Undergrad: 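One structure follows; several queries about it will come next.
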Amino acid sequence: MIGATATATEMQNNFGKYLSLVMSGQEIIVTKNGREVGRFIPKDAAVSYLTDSLTGILKGDCDLDQARAERLYEKYETAD
């Protein structure tokens, strides 16, 4: 859940406030010069983002043994 947007300067000057928000489960979007540069997120959300991204890689028809064999072949293929 996005809780707030803060400039980098606001984050620096009010870190405790934003830390409390994150500890309560909220996400903070950090901006600099009007552009998003990062997000301050709860630990559980970070783990979720990581597992979701890895799961996305493995979705669909994928033969892991074939993919591994192809990678090894490319890595160790010798020039004739």
Side-chain angles (χ1 to χ4, degrees):
M1 159 176 40
I2 296 177
T5 299
T7 66
T9 302
E10 288 171 337
M11 281 289 291
Q12 182 176 355
N13 293 338
N14 301 293
F15 185 76
K17 170 187 166 184
Y18 293 108
L19 179 60
S20 293
L21 290 172
V22 170
M23 291 172 61
S24 71
Q26 297 185 46
E27 181 175 315
I28 310 301
I29 297 173
V30 183
T31 64
K32 184 155 181 101
N33 298 323
R35 298 180 64 174
E36 181 179 334
V37 295
R39 292 181 181 228
F40 194 32
I41 62 174
K43 179 183 173 188
D44 292 341
V47 171
S48 176
Y49 286 138
L50 177 61
T51 56
D52 289 351
S53 66
L54 290 174
T55 302
I57 292 171
L58 300 176
K59 284 183 180 175
D61 295 331
C62 180
D63 183 344
L64 295 178
D65 290 329
Q66 180 181 353
R68 182 180 304 112
E70 289 171 2
R71 260 194 336 271
L72 289 172
Y73 177 78
E74 290 172 6
K75 185 174 183 177
Y76 296 107
E77 177 181 18
T78 57
D80 291 325

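In this text, all values refer to a predicted model and were calculated from it rather than measured experimentally.
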Undergrad: Quick one: which of Glu10, Met23, Gln26 gives a side chain to side chain contact (heavy atoms under 4.5 Å, CB included) with Tyr18?
TA: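 With Tyr18 as partner, Glu10, Met23, Gln26 yield a single side chain to side chain contact (heavy atoms under 4.5 Å, CB included), made by Glu10.
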Undergrad: State which residue, out of Val30, Ile29, Thr7, fulfils the side chain to side chain contact (heavy atoms under 4.5 Å, CB included) condition with Val37.
TA: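 Of the listed residues Val30, Ile29, Thr7, the side chain to side chain contact (heavy atoms under 4.5 Å, CB included) partner of Val37 is Val30.
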Undergrad: With rounding to the nearest 0.5 angstrom, report the CD to OG1 distance, Glu27 to Thr5.
TA: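 These two atoms lie 9.5 Å from each other.
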Undergrad: Apply ring-ring contact (aromatic ring centres under 6.0 Å, His included) to Phe40 and list each qualifying residue two or more places apart in sequence or on a separate chain.
TA: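 Once residues adjacent in sequence are excluded, the partners of Phe40 under the ring-ring contact (aromatic ring centres under 6.0 Å, His included) criterion are Phe15.
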